[in-house]
Amino acid sequence: MFREPCRIGNVAFTNRVLRSSMGGRNCFYDGTVSPAFIHFERRFAQSGVAGIISATISVNKERMSPLEYPSLYDERFVVPLRDAVRQITAGTDCRYIVQLGDTGAHTHTSLKPQDQDRISASPFFDLLYGYHNRSRKMTEDEIKAAVASFAAAARRVLAAKCDGVEVTASKGYLIHQFLNPFTNRRDDAYGGSIDGRFRFLEEIVRAVRQAVGREFLFGVRLSAKDFNYLPINIRWPLFPLRDYFGGNDLPETTYYARRLEQLGVDYLHIDSGFGFPNPKGSPGDYPDEGFQNFVNATRYLSAKARARAAVFNIVPAAVRKKVFGLGYRFQPAANADFAAAIRRVVSIPVIANGGFQDRRVINHALNTGKCDMVAIARPLLANPDLVRQLAAADMPANPCSFCTLCCSQTAVSPLGCYDQRRFSSLEQMMDQIIAWSSPNMEMPVARPAAPPATVTTP
Ligand SMILES: Cc1cc2nc3c(=O)[nH]c(=O)nc-3n(C[C@H](O)[C@H](O)[C@H](O)COP(=O)(O)O)c2cc1C
Ligand code: SF4
């Protein structure tokens with residue numbers, strides 16, 4: 001089933017598997033795509049995926065989140081991106097969709113601390129996400145500028161001859177901060193009610209559609225359910241408790257989905273949770289070592305970042321795993337039921353994200369009509385030729401263990417697989433990480449020294 005072709009809007013896909021967004025530090029400091037970026041992306045294009053959804057590409061000069069991630073805030077990025085996409089997809093049927101985003105107060109890191117990295121819908125404190133001590137409420141002028149920055153970046157995606165554009169309203173990033181009632185306490189037109197919280201996204205969708213025209217493929221990534229209580233986190237304000245622990249749930253997100261369809265969006269890309277990474281959006285083991293690397297690498301940025309690092313360095317690992325690890329567990333097809341709930345209320349295609357690796361699980365989600373396509377990240381990082389392997393077997397020979405180490409430190413460490421159990425030695429694992437983004441290096445064939453970690457299937 002996953003090998004069947006499909007179509008979204010005017011774009012034809014050769015099968016139902018997309019490479020999901022994977023951001024990493026493989027561009028030039030200013031965000032211009034580099035040979036390392038091209039090399040990384042090209043491995044997937046050559047591996048048989050129907051399309052690639054890019055890393056979250058920043059629309060804003062200040063919130064680059066982090067340095068060396070790709071950017072599209074200026075015209076000078078268009079020609080390098082156009083050339084890169086041409087090289088990435090050359091000789092393949094792979095489509096290239098650029099995901100645009102703005103991290104707002106969840107900006108992971110910065111060269112120096114700056115006020116622009118704390119802007120959000122409202123003021124709040126969040127120990128885990130973003131590096132600033134407290135977020136700051138955006139003015140209406142800042143909101144208008146942010147809407148315009150999405151439209152301008154979308155126009156650049158079109159000019160770069162990509163196959164489509166996706167706006168992320170998920171991952172706890174700026175648009176999600178407007179949608180989530182915990183982070184949006186505004187009482188003006190951009191808050192106060194479900195329509196108020198949706199308004200920022202609505203204005204962006206209208207502006208992007210106008211910028212790219214009716215024919216260009218345009219999707220939105222949406223979190224079906226915020227699960228604000230996961231991971232365990234220290235946040236303020238605490239009240240009302242319903243917003244603190246909950247956030248958007250299916251009644252709200254099915255409403256957003258219908259509105260997005262009415263606004264002319266071509267597809268919806270569904271995950272869940274609030275913040276990146278989080279136990280629902282990245283279903284798998286709790287990656288304590290990766291988080292420790294991340295918090296220590298960013299500790300210079302604020303008093304909060306120093307306190308966060310102190311917590312991770314002082315509290316014993318066993319306690320950290322119990323407290324911060326609450327909710328982290330692998331769940332196959334983690335968001336497929338949410339995708340199904342959304343698919344029931346719209347007639348545009350729906351892509352499900354998270355926990356797909358087993359061919360039986362992928363085919364079951366597609367065959368039962370839960371989704372039209374699946375988007376995969378970690379299993380493709382573990383096995384770039386996953387689609388080819390799944391043509392011959394239900395599972396890859398050396399599967400991703402869903403240890404989640406790769407996403408927990410991607411803001412500070414190179415992209416690659418960090419589960420040493422999948423390799424014959426530490427040296428082989430490190431060679432693999434370096435090879436991912438090095439055009440002149442052979443990728444070592446990963447072979448575990450011991451039998452591969454067990455992955456649960458239903
Ligand atoms: C290294 C890495 C980087 C990621 N970067 C992004 C990103 O830039 N934007 C985004 O929306 N999701 C990002 N994700 C999340 C993935 O797109 C995906 O939603 C998540 O890993 C769950 O899918 P999986 O179970 O197939 O890995 C990243 C994931 C990984 C592993
Ligand atoms: S580090 Fe490797 S095994 Fe662990 S989740 Fe990432 S790709 Fe999979």
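As the structure lists them, so they are numbered: ligands from 1, and atoms in each ligand from 1. Quick caveat, the model's predicted, so the values are computed rather than measured. In this chain, numbering begins with 1 at the start of the sequence shown.
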Ligand 1 atoms in contact with Gly354 (distance to a heavy atom under 4.0 Å): 22 (C), 23 (O), 25 (O)

Test: Arg221 and Asp271 ion pair at under 4.0 Å: yes

Whether Phe291 and Tyr286 hold their rings parallel, tilted or perpendicular, with breakpoints at 30° and 60°: tilted

Heavy-atom nearest neighbour in the protein, as seen from atom 13 (C) of ligand 1, with distance rounded to 0.1 Å: Ser21 O, 3.2 Å

Distance filter under 4.0 Å to Thr56 heavy atoms, resulting ligand 1 atoms: 7 (C), 8 (O), 9 (N), 10 (C), 11 (O)

Minimum-distance protein heavy atom relative to atom 4 (Fe) of ligand 2: Cys403 SG, 2.3 Å

Per-atom contacts of ligand 1 with Leu415, taking only distances under 4.0 Å to non-hydrogen atoms: 1 (C)

N/O/S atom of Cys406 inside 2.8 Å of atom 8 (Fe) of ligand 2, strictly under: no

Atom 5 (S) of ligand 2: nearest protein contact (heavy atom, Å): Thr404 N, 3.2 Å

Nearest-neighbour protein heavy atom for atom 1 (S) of ligand 2, which is reported as residue plus atom name and distance: Tyr418 N, 3.2 Å

Test item: side-chain donor near acceptor, Glu41 and Tyr96, under 3.5 Å: yes

Ligand 1 contacted by Phe402 (non-hydrogen, < 4.0 Å): yes

Protein heavy-atom partner closest to atom 11 (O) of ligand 1 - residue, atom, separation in Å: Arg221 NH1, 3.2 Å

Shortest protein heavy-atom distance from atom 8 (Fe) of ligand 2, along with the residue and atom involved: Cys400 SG, 2.4 Å

Atom indices of ligand 1 within 4.0 angstrom of Cys406 heavy atoms, with elements: 1 (C), 31 (C)

Atom indices of ligand 1 within 4.0 angstrom of Gly23 heavy atoms, with elements: 3 (C), 4 (C), 5 (N), 6 (C), 7 (C), 8 (O)

Nearest-neighbour protein heavy atom for atom 26 (O) of ligand 1, which is reported as residue plus atom name and distance: Ala377 N, 2.8 Å

Contact partition for Phe356 relative to ligand 1, non-hydrogen atoms under 4.0 Å: neither

Min heavy-atom dist Gln357 to ligand 1 below 4.0 Å: no

Close approach of Thr168 to ligand 1, heavy atoms, under 4.0 angstrom: no

The one among Pro414, Pro379, Cys407, Ala55 that brings a heavy atom closest to atom 30 (C) of ligand 1: Cys407

Closest protein heavy atom to atom 20 (C) of ligand 1, given as residue, atom name and distance to 0.1 Å: Gly281 O, 3.6 Å

ring-ring contact (aromatic ring centres under 6.0 Å, His included) assessment of Phe276 paired with Tyr173: CA-CA 8 Å; Phe276 177 73; Tyr173 292 160; 7.2 Å; no

Residue portion contacting ligand 1 (non-hydrogen atoms closer than 4.0 Å) for Asn353: side chain

For atom 27 (O) of ligand 1, closest protein heavy-atom neighbour: Arg378 NE, 2.7 Å

Numbered atoms and elements of ligand 1 in range of Gly355, under 4.0 angstrom, heavy atoms: 24 (P), 25 (O)

Lys171 contact mode with ligand 1 (heavy-atom cut-off under 4.0 Å): side chain

Atoms of ligand 1 close to Gln99 [distance to a heavy atom under 4.0 angstrom, numbered from 1]: 9 (N), 11 (O)

Which residue and heavy atom of the protein sit nearest atom 2 (Fe) of ligand 2, plus the separation: Cys417 SG, 2.3 Å

